[in-house]
Amino acid sequence: MPVEDPMLRAAMHHRAHLVVASNSAAVHQERLHALTRPGHVPAFYDLDRITASASALRTAYAESNTAVQMIRHIVDARELALQAQNGPTPSA
């Protein structure tokens, strides 16, 4: 049965993207740690791989942060929509 709430569908979509981006970040971080492990002197050709891994890691972190931010915006929008639907709540 498909989910009828468009905000829930959007949150689920962004969560799936977050999982992919987080896994990508973990892979790039492991690769970067392997290339820069203590006691290891990188060869000249490793410098390009280190730079590429660091760049990919930064990109994956940025994508993860963007997905988390989008989920927060969806949750906030959902709360505001429920408040608007139910009317203002009395102040305590």
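Here the structure is a predicted model, which means the values were calculated and not measured.
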Q) In Å, rounded to the nearest 0.5 Å, how long is the span from NE2 of H73 to OG1 of T66? A) 9.5 Å
Q: Hydrophobic side-chain clustering at under 4.5 Å (ILVMFWY, transitive links): who's grouped with M7? Put none if nobody.
A: I74
Q. Got a second to check how far H14's NE2 is from H17's NE2, nearest 0.5 Å?
A. 8.5 Å
**Q.** Pairwise side-chain contact, L35 with P42, heavy-atom cut-off 4.5 Å (strictly under)
**A.** no
Q: Would you kindly confirm whether Y61 and I50 end up in one hydrophobic cluster when ILVMFWY residues are joined by side chain heavy atoms under 4.5 Å apart?
A: yes
Q. Do L57 and S53 have side-chain heavy atoms sitting under 4.5 Å apart?
A. no
Q: For T36 and L32, indicate whether the former's side chain and the latter's backbone hold a donor-acceptor pair under 3.5 Å.
A: yes
(Q) So, using side-chain hydrogen bond (donor to acceptor under 3.5 Å, both in side chains) as the criterion, who are the partners of N65 when residues are at least two apart? (A) none
Q: Check for a donor-acceptor pair, side chain of S64 on one end and backbone N or O of A60 on the other, with a separation under 3.5 Å.
A: yes
Q.
Taking salt bridge (charged side-chain N to carboxylate O under 4.0 Å, His left out) as the cut-off, I'd like each qualifying pair that reaches into residues 61-83, sequence neighbours left out, listed once.
A. D5-R78
